[in-house]
Amino acid sequence: QVQLVESGGGSVQAGGSLRLSCAVSGITFSNLVMAWFRQAPGKEREFVAALRWSDGVTNYADSVKGRFTISRDNAKNTMYLQSNSLKPEDTAVYYCAADRRWIIGTVAAQYPSWGQGTQVTVSS
């Protein structure tokens, strides 16, 4: 059974940084795409970044390009989201998600496995 556990959320001031982690278990890492989504109050869940585990190919939402970096640690079975130059509009619950396919999807409905989420709050 796939288990995704996020950590690393918190409260920071605008311009600050946070590193989110997603520990992955119960899944084989071939043909695996991992992603970060976020959901602000009253808004739909939106794509942030994704990574194909086998070759490290990544994709980012335009709103976070140049500020966020997605990465993985094979030895620790963990995915990360380094978030720099945070803005108040980055405030949301951040979720990690997993999909067993080659294509890097950007739509939440494409991902069958989800973590419980971690809150990120950025104050101005």
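Any value given below was found using the heavy atoms of this structure, including those in side chains, with hydrogens, waters and symmetry copies removed.
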Using side-chain heavy atoms (C-beta onward) and a distance below 4.5 Å, is Met79 in contact with Trp36? yes
I'd like to check Thr106 versus Glu46 (side-chain heavy atoms, cut-off strictly below 4.5 Å). Are they in contact? no
Tell me yes or no: between the side chains of Asn31 and Trp53, is some donor less than 3.5 Å from an acceptor? no
Evaluate whether atom CD of Glu44 has more than 12 neighbouring non-hydrogen atoms of other residues, nucleotides or ligands under 6.0 angstrom away. no
What closest approach, in Å, do Asp55 and Arg72 show between heavy atoms, and which atom pair accounts for it? C-NH2, 4.1 Å
Side chain Glu6, main chain Gly117, donor-acceptor under 3.5 Å: yes
Please report the closest heavy-atom contact between Gln119 and Ala92, naming both atoms and the distance. NE2-O, 3.4 Å
Do NZ/NE/NH1/NH2 and the carboxylate oxygens of Lys65 and Asp62 come within less than 4.0 Å? yes
Per the side-chain contact (heavy atoms from CB on, under 4.5 Å) rule, which among Leu81, Leu20, Thr91 passes with Val120? Leu20
Please, which pairs that meet ring pair (Phe, Tyr, Trp, His ring centres under 6.0 Å) have at least one residue in residues 60-91, sequence neighbours excluded? none
Quick check: does any side chain N or O of Arg52 sit under 3.5 Å from a backbone N or O of Trp102, one acting as donor and the other as acceptor? yes
Counting N and O atoms only, with roles assigned by atom type, does the side chain of Thr78 sit under 3.5 Å from a partner on the main chain of Lys76, one being a donor and the other an acceptor? yes
Co-members of Ile104 in a cluster of I, L, V, M, F, W and Y side chains, linked at under 4.5 Å: Val33, Phe37, Phe47, Val57, Val93, Tyr95, Tyr111, Trp114
Min side-chain heavy-atom separation Leu32-Ser54 under 4.5 Å: no
Is it the case that the side chain of Gln82 and the backbone of Ile70 share a donor-acceptor pair, with hydrogens and angles ignored and the cut-off at 3.5 Å? no
Residues Leu18 and Gly9: closest non-hydrogen pair is CD1-C, 4.5 Å
Closest non-hydrogen atom pair, Ala14 against Ser124: CB-CA, 4.3 Å
